[in-house]
Every structure is written in structure tokens, then in C-alpha cells.
Novice: 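Here it is, the structure in full.
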Amino acid sequence: MANIHVNLDLDSYDILIERGLIHKVGPMIKELTDADKVVVITEDSVGKQYAAKLNKTLHAAKNLSIRFITVPEGEACKTLRVLSAVYEAIANFGLDRGDAIIGFGGGAVGNMAGFAAATYLGGIQYIHIPTSLTAQLGTAIGGNVSIDMPGSKNLVSSIAQPRGIFIDPDLLATLPKAEFHKGLAEAVKIACIQDKALFTIFEQAKNDVDLRKRLPEIIERCCRIKARYSEKDEFAEGSRMLLDFGNTIAHAIEGYNRYDGTYNHGEALAIGMYLITRQAEKLGLTQKGCAERIKYVLEFLELPIQTDISAADLMLYMTNDMKIWGNMIRLVLLKTIGQAYLHPVPLKELDKHIITEIDA
Ligand SMILES: NC(=O)c1ccc[n+]([C@@H]2O[C@H](COP(=O)([O-])OP(=O)(O)OC[C@H]3O[C@@H](n4cnc5c(N)ncnc54)[C@H](O)[C@@H]3O)[C@@H](O)[C@H]2O)c1
């Protein structure tokens, strides 16, 4: 079993990764939390496939009362209405300060369950058992928990570290191909920023079967890198911004489309990583050849690399970017594959860096 310790003083926790872990997490969670009661927040499709397995292992823990709550799947669970129903169910079950909430689903359920745990009774213990690839690559690392408001994703948010993350790559067997590829966009991002050997895994893979075989390794490499950034920069004010590679354009694409799913985040991220690197290369800010390597990998993963939205339209949606400071924006660029850096640019010169097919 891989064990990644995230060292955050009193908020330290471990990320455990092992095929088949779902069958034995119950007693481990009991020992870790010492809770008398746990509430598992899960979503329809995940619950149907895996709730019985989780329920069985939780029942193997002594003196633990368990309640499952099912919420709508995906982004639809991150609303005030769903959150309110969750608070009510938790209160009815009598959860107290020593108890725990388990988020069992994709990144959306994880975000919402983490937010509920962070805000209930001033904050109770939160365990994440991620079931989508995006979530297994570490959405819970760093402790960003949030829900959406109409038209604004993740607007209501907090930072609260999980008590533990339990990752079973076998749960990904039922993940649809498109979700699998969308998750891999996140792994390509981590590879571009910090791990050239991981990038080579993508360049050398012949098909999805190759990649699926190497999932535990891919997940572990990504989680390790995210954990180290989280330790160095708990509140995302410095080096952790490098994890935003590709996201300045990606968030603008999603915002322009009102988060209507025209592009899911993995697709928007793929376009963002390629476009920012292609232009940085033209400006001499990135080593030549990087954009072509990224293009090859993204196309192999059947992810898009172009958009028909103009740069001018995209830039209108960059005003909320967390990397804006005064009249400057810090762009995340690559020196080369595996090495990212922050490049401050005056906002009035941003148009030199953002060029889409419409403008080219
Ligand atoms: N906290 C953070 O720092 C952070 C970082 C990135 C993303 N996020 C959040 O994560 C969410 C995206 O996560 P996601 O990509 O996992 O999307 P998601 O949670 O919407 O899940 C995608 C789909 O996969 C399904 N699914 C999940 N596990 C499955 C399985 N094992 N088998 C079959 N189907 C399965 C879900 O039901 C859903 O339909 C967004 O809400 C985003 O805001 C948070």
C-alpha cells in the first residue's frame, strides 16, 4: 500500500492508495477518527455500484453507527438546497463534534461533503474516498471545499483539511471512457508542471489498457506532487499556483459557456494547457517542441486542443482569476516539460499570451 503523509502540523493526514482498499477501510476509518457515528455522502451511480461494499467494511468496525445519504450526481449536488438537506439529515442522525462525514464519490460529491463537514458544528472530521479519476488524482488534497451558486462555480468555499484520503484504483473500472480521459487531463497537467517521467508514460502508452495498468503509479505520482505543494503553501498564495497551469484559459472557457457542460473541465484544461504553451513558445518563454509534445498526448487521449471562442471573449472571463494581483496577472508557463514557473504579465499585455484559432 502506498502511504503519502501530508505534513501540516496539527492538520497532518495520510493518503493511502491500494487496489481493493474499499474492502477494508471500515476498521481503518474507525481507528483513525474514533467516531461513534459516520455519515457517508454518496451519489446515485456510485452508490448503486459500491455502497454495499463500503457498508460491509464499515459494519466490520466495532461500535460504529452508519448512515448513508444519497445526493444527485456531479455538479448538481453542490447547491445550497442539497447542502441544507444534508445538514438536516446529519442533525437527525445526531452527529456530534467527535463524529465524521465520509465523501464517497467524484470530486463534486467530495467538495460538497467536505464543505458540509467543514461547516457543521464548527467543523467535524472529513474522510474522502474518491471514486472518479479526477478525484483520485487529489481534488481533496489542499482542503479546498466548496459549493456553487447559480452561474458561479465554487463561489462559496473554505479550506479544511481532510482527516484521511483512501484511494482504491479498482473503483475506476466502472468509470466511462470520457470521464477516464477527462481525469487524465489532470494527470497530464501535473506531469507538465513537475514530472517529466510521468509525461513519458503518456507519450509511450499505446492505448487505454496500458494506462489503466499503470493507474496506481499515475495516481500516486500526482498525489505526491500535490501533497508537497499543499505542505509548502497551505493557503495557495505562492508555489501552489503552479497547479493552475492551463486553468487561466480553462476557467475562462467554462465561464464563457456558463458552465453548461459544452466543455467539461478536463477538455477545457486540455485546450488551456496547449494554447498557453503554444503561444509561450512563440514568445520564447517556453522551450521549443513542448507544445507539440503536449498536443500529441492530448490528442492521443481524445481531448480537444482548440476552441472557437476568441481571445477577446476569453479575456472577459479572466477577471476572477486568483492569480490577478493589482494590474498584473501571474501566468503559469512551462520552461520545459516537467518544469513550470510563474510569469507576471501586465493585464494590458495579456492579449500577447492568449491567442485562439479565431485570432491566429
Ligand atoms: N477541491 C479542489 O481543489 C478541486 C479540484 C478540482 C476539481 N474539484 C471539483 O471536483 C469536481 C469535478 O470532479 P469529477 O471530475 O470527479 O466530477 P464529478 O464528481 O462530477 O464526477 C464525474 C462523473 O463520474 C461519475 N462517477 C464517479 N465515480 C464513478 C465510478 N467509480 N464509476 C462510474 N461513474 C463514476 C459521477 O457520478 C459523475 O457523473 C468539480 O465539482 C470541481 O469543482 C475540486
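Whatever order the structure lists ligands and atoms in, that order sets their numbers, starting from 1.
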Novice: Side chain, backbone, both or neither: which part of Asn144 has a heavy atom under 4.0 Å from ligand 1?
Specialist: both
Novice: Under 4.0 Å, heavy atoms only, figure out whether ligand 1 is touched by the backbone of Lys153, its side chain, both or neither.
Specialist: side chain
Novice: Can you report which non-hydrogen protein atom sits closest to atom 9 (C) of ligand 1, along with the distance?
Specialist: Asn111 OD1, 3.7 Å
Novice: Looking at Glu357 and Arg278, is any side-chain nitrogen of the basic one under 4.0 Å from a carboxylate oxygen of the acidic one?
Specialist: yes
Novice: Looking only at N/O atoms, are Gly107 and ligand 1 under 3.5 Å apart anywhere?
Specialist: yes
Novice: Return each pair, listed once, that meets ring pair (Phe, Tyr, Trp, His ring centres under 6.0 Å) where at least one residue sits in residues 327-348; pairs must be two or more places apart or across chains.
Specialist: His343-His353
Novice: If you count the atoms of ligand 1 from 1 in the order shown, which ones are under 4.0 Å from a heavy atom of Asn154?
Specialist: 43 (O)
Novice: Write out the residue and atom name of the closest protein heavy atom to atom 22 (C) of ligand 1, then the distance separating them to 0.1 Å.
Specialist: Glu179 OE1, 3.4 Å
Novice: Counting from 1, what ligand 1 atoms have a heavy atom of Tyr50 closer than 4.0 Å?
Specialist: 31 (N)
Novice: When only distance counts, is Pro176 in polar contact with ligand 1, meaning an N/O pair under 3.5 Å?
Specialist: no
Novice: Please check if the number of heavy atoms outside Arg19 that lie under 6.0 Å from its CZ is greater than 12.
Specialist: yes
Novice: Using a strict 4.0 Å cut-off to heavy atoms of Glu75, name the atoms of ligand 1 that fall inside it.
Specialist: 40 (C), 41 (O)
Novice: Crowded around Asn3 CG? As in, over 12 foreign heavy atoms under 6.0 Å?
Specialist: yes
Novice: Would Ser132 count as a polar contact of ligand 1, with the cut-off being nitrogen or oxygen pairs under 3.5 Å?
Specialist: yes
Novice: Can you list the residues that meet the side-chain hydrogen bond (donor to acceptor under 3.5 Å, both in side chains) rule with Asp260, with sequence neighbours excluded?
Specialist: Thr262
Novice: Could you walk me through whether Leu303 and Glu267 pass the side chain to side chain contact (heavy atoms under 4.5 Å, CB included) check?
Specialist: CA-CA 6 Å; Leu303 290 162; Glu267 290 168 337; 4.2 Å; yes
Novice: Can you pull out the closest protein heavy atom to atom 2 (C) of ligand 1? Residue, atom name and distance to 0.1 Å, please.
Specialist: Thr139 O, 3.0 Å
Novice: Taking only heavy atoms of Glu73, which atoms of ligand 1 are found under 4.0 Å from at least one of them?
Specialist: 37 (O), 39 (O)
Novice: Using a strict cut-off of 4.0 Å, indicate which atoms of ligand 1 neighbour a heavy atom of Lys182.
Specialist: 15 (O), 17 (O)
Novice: Starting from atom 20 (O) of ligand 1, find the nearest protein heavy-atom neighbour and note its residue, name and distance.
Specialist: Gly74 CA, 3.2 Å
Novice: With backbone taken as N, CA, C and O and side chain as the heavy atoms from C-beta onward, which portion of Lys78 lies under 4.0 Å from ligand 1: side chain, backbone, both, or neither?
Specialist: side chain
Novice: Given Ala108, Ala76, Ser146, Pro72, which one has a non-hydrogen atom that is nearest to atom 18 (P) of ligand 1?
Specialist: Ala108
Novice: Any donor-acceptor pair under 3.5 Å linking the side-chain atoms of Asn111 with those of Lys78?
Specialist: yes
Novice: Search all heavy atoms of Val38 against all heavy atoms of Ala35 and return the closest pair with its distance.
Specialist: CG1-CB, 4.3 Å
Novice: Tell me, please: is Leu172 in heavy-atom contact with ligand 1, that is, under 4.0 Å?
Specialist: no
Novice: Give the intermediate values and the outcome of side chain to side chain contact (heavy atoms under 4.5 Å, CB included) for residues Ile29 and Ile102.
Specialist: CA-CA 9 Å; Ile29 290 172; Ile102 300 174; 3.9 Å; yes
Novice: Which protein heavy atom lies closest to atom 25 (C) of ligand 1, and at what distance to 0.1 Å?
Specialist: Glu43 OE1, 4.4 Å
Novice: Quick one: which ligand 1 atoms are inside 4.0 Å of a heavy atom on Val46?
Specialist: 27 (C), 28 (N), 29 (C)
Novice: Verify side chain to side chain contact (heavy atoms under 4.5 Å, CB included) between Asn144 and Ser157, making sure each step is shown before the conclusion.
Specialist: CA-CA 7 Å; Asn144 291 320; Ser157 61; over 6 Å; no
Novice: Kindly indicate, with the supporting measurements, whether the criterion side chain to side chain contact (heavy atoms under 4.5 Å, CB included) is fulfilled by Leu121 and Leu95.
Specialist: CA-CA 9 Å; Leu121 291 178; Leu95 225 58; 5.9 Å; no
Novice: May I ask you to establish whether Lys226 and Tyr229 are in a cation-pi arrangement, using a distance under 6.0 Å from NZ or CZ to the six-membered ring centre and at most 45° from the ring axis?
Specialist: no
Novice: Taking 4.0 Å as the limit for heavy-atom contacts, which would you say applies to Thr134 with ligand 1: side chain only, backbone only, both, or neither?
Specialist: side chain
Novice: If we count only N and O atoms by modelled type, under 3.5 Å, do the side chains of Ser45 and Glu73 hold a donor and an acceptor together?
Specialist: yes
Novice: Using heavy-atom distances, let me know which of Gly106, Cys77, Pro130, Gly47 sits nearest atom 21 (O) of ligand 1.
Specialist: Gly106
Novice: What protein heavy atom sits nearest atom 26 (N) of ligand 1, and how far off is it?
Specialist: Leu175 CD1, 3.9 Å
Novice: Please check if any side-chain donor atom of Thr174 sits under 3.5 Å from a side-chain acceptor atom of Tyr50, or the reverse.
Specialist: yes
Novice: Looking only at protein heavy atoms, which one is nearest to atom 28 (N) of ligand 1, and what is the separation?
Specialist: Thr131 OG1, 2.8 Å
Novice: Considering non-hydrogen atoms of the protein only, which is the closest contact for atom 32 (N) of ligand 1, and what is the distance?
Specialist: Thr174 OG1, 2.8 Å
Novice: Please list, in number order, the atoms of ligand 1 under 4.0 Å from a heavy atom of Ser45.
Specialist: 37 (O)
Novice: Report whether Val82 and Phe68 are members of the same hydrophobic cluster (ILVMFWY, side-chain heavy atoms less than 4.5 Å apart, transitive linking).
Specialist: no
